[in-house]
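Beneath this line is the structure, given in structure tokens, with notes to follow.
Here is the naming used below: chain letters follow the sequence lines, and residue numbers restart at 1 for every chain.
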Amino acid sequence: AQSVTQLDSHVSVSEGTPVLLRCNYSSSYSPSLFWYVQHPNKGLQLLLKYTSAATLVKGINGFEAEFKKSETSFHLTKPSAHMSDAAEYFCVVSEASVDSSYKLIFGSGTRLLVRP
Amino acid sequence: DGGITQSPKYLFRKEGQNVTLSCEQNLNHDAMYWYRQDPGQGLRLIYYSQIVNDFQKGDIAEGYSVSREKKESFPLTVTSAQKNPTAFYLCASSTSHLGIGLSKNIQYFGAGTRLSVL
């Protein structure tokens, strides 16, 4: 079974400094990986998706993630944090089920705090 | 304006009462999902449906029921058998497993319903 581990439950950065949110996955084959963002009391919004076409994936709002198979990692980065980036971030792996549907396996989330 | 609409935004349940959460989508997606989110945890799958009139249990289906009579609607009933229903409930949809390219297995989420027990 596939799983996702988000290594930090909380990350705090100052506005204008880089963001690094860490994610490790376990998978028996080439996975589909996602990052979603959730603002308070809101649904989840897709930031980016790893499609196996390129190891460096660019997403919305200046975020990007790098797939490193040797390290089984898919860390999310942004060069310069903005106050509006404060939210909870979920690393997600997609798992194919026996009925050919795709199930999403969620990490436990990382809450990003941005200090002025 | 395409999207997923969940209602109500807030819901309160009395002891022994069944309550139904609504989820409607106009994205023409075949697959729909219900998740439960508890504080400090990721989302856990309750039920999912790939086509009309068919649905499957997820990881935590006990105490919940669903129906899928129309493509655009996937209501979730939280029954009195669910002893700890207080949570944030999220509905999602996606193109079917037969979708192609980048759209396959991307799920789009509603804004959620927060359920509390009186």
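Residues B:Gln37 and A:Phe90 come closest through the heavy atom pair NE2-CZ, 3.3 Å.
For A:Leu44, the parts lying under 4.5 angstrom from a heavy atom of chain B are both the backbone and the side chain. Within the 4.5 angstrom heavy-atom criterion, only side-chain atoms of A:Ser94, from C-beta onward, approach chain B. Of the two parts of A:Gln6, neither the backbone nor the side chain holds a non-hydrogen atom closer than 4.5 Å to a non-hydrogen atom of chain B. Looking at B:Leu45, the atoms closer than 4.5 Å to chain A (heavy atoms on both sides) all sit in the side chain, from C-beta outward.
A continuous path of Ile, Leu, Val, Met, Phe, Trp and Tyr side chains, each step under 4.5 Å between heavy atoms, connects B:Tyr35 with B:Ile4, placing both in one hydrophobic cluster. Residue B:Met32 is not grouped with residue B:Tyr48 when hydrophobic side chains (ILVMFWY) are merged at heavy-atom distances under 4.5 angstrom, including chains of intermediate members. Criterion: ILVMFWY side-chain heavy atoms under 4.5 Å apart, direct or through other members. Under it, B:Leu27 and A:Tyr36 are part of a common hydrophobic cluster. A continuous path of Ile, Leu, Val, Met, Phe, Trp and Tyr side chains, each step under 4.5 Å between heavy atoms, connects B:Phe74 with B:Val19, placing both in one hydrophobic cluster. Linking Ile, Leu, Val, Met, Phe, Trp and Tyr whenever their side-chain heavy atoms come within less than 4.5 Å leaves B:Leu11 and B:Val117 in two separate clusters.
A:Tyr89 belongs to a hydrophobic cluster whose remaining members, ordered by chain and number, are A:Val4, A:Val11, A:Val13, A:Val19, A:Leu21, A:Tyr25, A:Leu33, A:Trp35, A:Val37, A:Leu47, A:Leu48, A:Tyr50, A:Val57, A:Ile60, A:Phe63, A:Phe67, A:Phe74, A:Leu76, A:Met83, A:Val93, A:Ile105, A:Leu112, A:Val114; membership requires side-chain heavy atoms of ILVMFWY residues under 4.5 Å apart, directly or through intermediates.
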field: side-chain contact (heavy atoms from CB on, under 4.5 Å) between B:Phe109 and A:Gln38, intermediate numbers included
entry: CA-CA 10 Å; B:Phe109 287 80; A:Gln38 183 181 33; over 6 Å; no
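Between B:Arg44 and A:Phe106, the closest side-chain pair of non-hydrogen atoms is not below 4.5 Å.
Using a 4.5 Å cut-off between non-hydrogen atoms, the part of residues 77-91 of chain B that approaches chain A consists of B:Phe88, B:Leu90.
Counting non-hydrogen atoms of neighbouring residues, nucleotides and ligands closer than 6.0 angstrom, the NZ atom of A:Lys42 reaches no more than 12 such neighbours.
Between chain B and the residues A:Val92, A:Leu104, A:Leu46, the most heavy-atom pairs under 4.5 angstrom are made by A:Leu104.
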